[in-house]
A.B. asks: 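First the structure, which I've put down as structure tokens, then a few questions once you've had a look.
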Amino acid sequence: MSRRLKANDEQASFALSPMALPDEKLLEIHRRLCLIFGCPIAYFRALDPLSELVSSLLSHRTRNAASGAAFRALRARWGEDWAAVRDADPAEVETVIAGVTWPEQKAPRIQAILRRITELRGELSLDFLGEMTVPEARAWLQALPGVGPKTGAAVMSFSSLRRPALPVDSHHHRVAVRTGLIPSSVAVGPSHTILEARLPPEWTAQQIYDHHEVMMLHGQRVCFYRNPACERCALLDLCPEGQGRMAGGPPPRESRE
């Protein structure tokens, strides 16, 4: 328990410190990665927010190819009728999404969320979120069972709503930790608040989306979980961990993603 309290204290202290404000280091990281990956980056899809929610729930701890295939399988079986998915036999939903990680958990969770939205709204639609502020909409989403900060931000940013919200996946988080934007003790969930606070307040939804995408792409293509390619990293002079690795020191203990 003491270890958990210490970590939480450090997170709270960091979130309130001057380092949590927009800074030159984050902007320089963003600038360099945008030069490499080409900003603005086109949105990869434009699902309605409810469909994006289901897609995001499928993607937890699952490769994009597998979660995408599961989403298409749901559409092939029930079309765009999420009420039919809500009311289907849970065993059948589990079979349809069998390619994702933990389908036995995700099938009933998705159905429970669809039922809860129906109870709260009287219909299966999240289009109303577009009329709320981003913090209000994310709070509403995160009140649903099993919906965390990443999923809430993904719905707001990736869906047809196109709102300014920063999702943080494991790749994004890893780059942020290694470059010193956040302490290694900050897990992915709590990192959303800290990293968003460091973005310029005037950034548009497109710029925030770009930032997530370039951090994610850098983590996928250079800043690997094991054996990062520090020798070809455009951020090496900004990355304390990378400099330590290149100097031959023992690699630091990896943060939990």
Side-chain angles (χ1 to χ4, degrees), residues 4 7 11 44-45 47 49-77 82 85-86 88 90-114 116-117 126 138 141-159 165-178 182-196 209 211-228 253-257:
R4 174 63 59 84
Q11 292 168 18
F44 61 97
R45 63 186 176 210
L47 296 174
L50 180 59
S51 297
E52 184 61 52
L53 173 60
V54 174
S55 177
S56 182
L57 292 167
L58 290 170
S59 72
H60 290 180
R61 295 291 182 180
T62 301
R63 293 186 180 277
N64 290 340
S67 62
F71 183 82
R72 291 190 295 274
L74 285 175
R75 283 281 175 87
R77 174 64 183 84
W82 293 117
V85 176
R86 176 197 64 199
E92 185 177 5
V93 178
E94 180 181 337
T95 298
V96 170
I97 66 170
V100 303
T101 307
W102 306 313
E104 73 284 356
Q105 297 178 23
K106 290 180 179 177
R109 180 177 299 161
I110 288 170
Q111 290 183 298
I113 289 173
L114 294 174
R116 182 58 177 159
I117 293 171
L126 293 179
R138 290 178 68 174
L141 286 166
Q142 289 175 222
L144 297 172
V147 175
K150 177 187 172 185
T151 298
V155 170
M156 299 305 292
S157 177
F158 299 160
S159 78
L166 181 71
V168 180
D169 69 358
S170 60
H171 303 291
H172 184 156
H173 179 264
R174 182 167 63 252
V175 175
V177 168
R178 287 177 174 169
I182 53 174
S184 60
S185 61
V186 179
V188 174
S191 75
H192 284 76
T193 300
I194 298 173
L195 289 171
E196 275 199 319
Y209 173 77
H211 186 68
H212 164 70
E213 288 291 301
V214 297
M215 294 285 277
M216 177 189 70
L217 289 168
H218 188 67
Q220 290 175 333
R221 300 181 185 182
V222 178
C223 194
F224 308 119
Y225 178 66
R226 292 184 177 86
N227 302 316
R253 193 170 118 189
E254 296 287 356
S255 62
R256 183 178 178 183
E257 297 183 347

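Keep in mind it's a predicted model, so treat the numbers as computed, not measured. Atom set for the values below is all heavy atoms of this structure, side chains included, hydrogens, waters and symmetry mates excluded.
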A.B. asks: Output yes when a side-chain donor or acceptor of Glu196 lies under 3.5 Å from a complementary backbone atom of Ala165, and no otherwise.
C.D. replies: no
A.B. asks: Quick one, Ser55 with Arg45, criterion side-chain hydrogen bond (donor to acceptor under 3.5 Å, both in side chains). Give me CA distance, side-chain angles, the key distance, then yes/no.
C.D. replies: CA-CA 11 Å; Ser55 177; Arg45 63 186 176 210; 3.0 Å; yes
A.B. asks: Test your reading of the model: is there a side-chain donor-acceptor pair from His173 to the backbone of Val168, 3.5 Å cut-off?
C.D. replies: no
A.B. asks: Just verifying a value: how many Å separate Ile97 CD1 and Phe71 CZ, rounded to the nearest 0.5 Å?
C.D. replies: 12.0 Å
A.B. asks: Count the heavy atoms of every other residue, nucleotide or ligand shown that sit under 6.0 Å from CZ of Arg63, and state whether that count exceeds 12.
C.D. replies: no
A.B. asks: Can you list every pair that meets salt bridge (charged side-chain N to carboxylate O under 4.0 Å, His left out) and has a residue in residues 66-77, with sequence neighbours left out?
C.D. replies: Arg77-Glu92
A.B. asks: Distance from Phe44 atom CZ to Phe158 atom CZ, nearest 0.5 Å?
C.D. replies: 4.5 Å
A.B. asks: Would His172 and His211 count as a ring-ring contact (aromatic ring centres under 6.0 Å, His included) if you check the C-alpha gap in whole Å, the side-chain angles of each, and the deciding distance to 0.1 Å?
C.D. replies: CA-CA 9 Å; His172 184 156; His211 186 68; 5.7 Å; yes
A.B. asks: Between the side chain of Thr62 and the main-chain N/O of His60, is any donor-acceptor distance below 3.5 Å?
C.D. replies: yes
A.B. asks: Give a yes or no on whether the backbone of Leu47 and the side-chain of Ser51 come within a donor-acceptor separation of less than 3.5 Å.
C.D. replies: no
A.B. asks: Can you pull out every salt bridge (charged side-chain N to carboxylate O under 4.0 Å, His left out) where at least one residue sits in residues 99-109? Sequence neighbours excluded, please.
C.D. replies: none
A.B. asks: Answer whether the closest heavy-atom distance between the side chains of Pro183 and Val177 falls below 4.5 Å.
C.D. replies: no
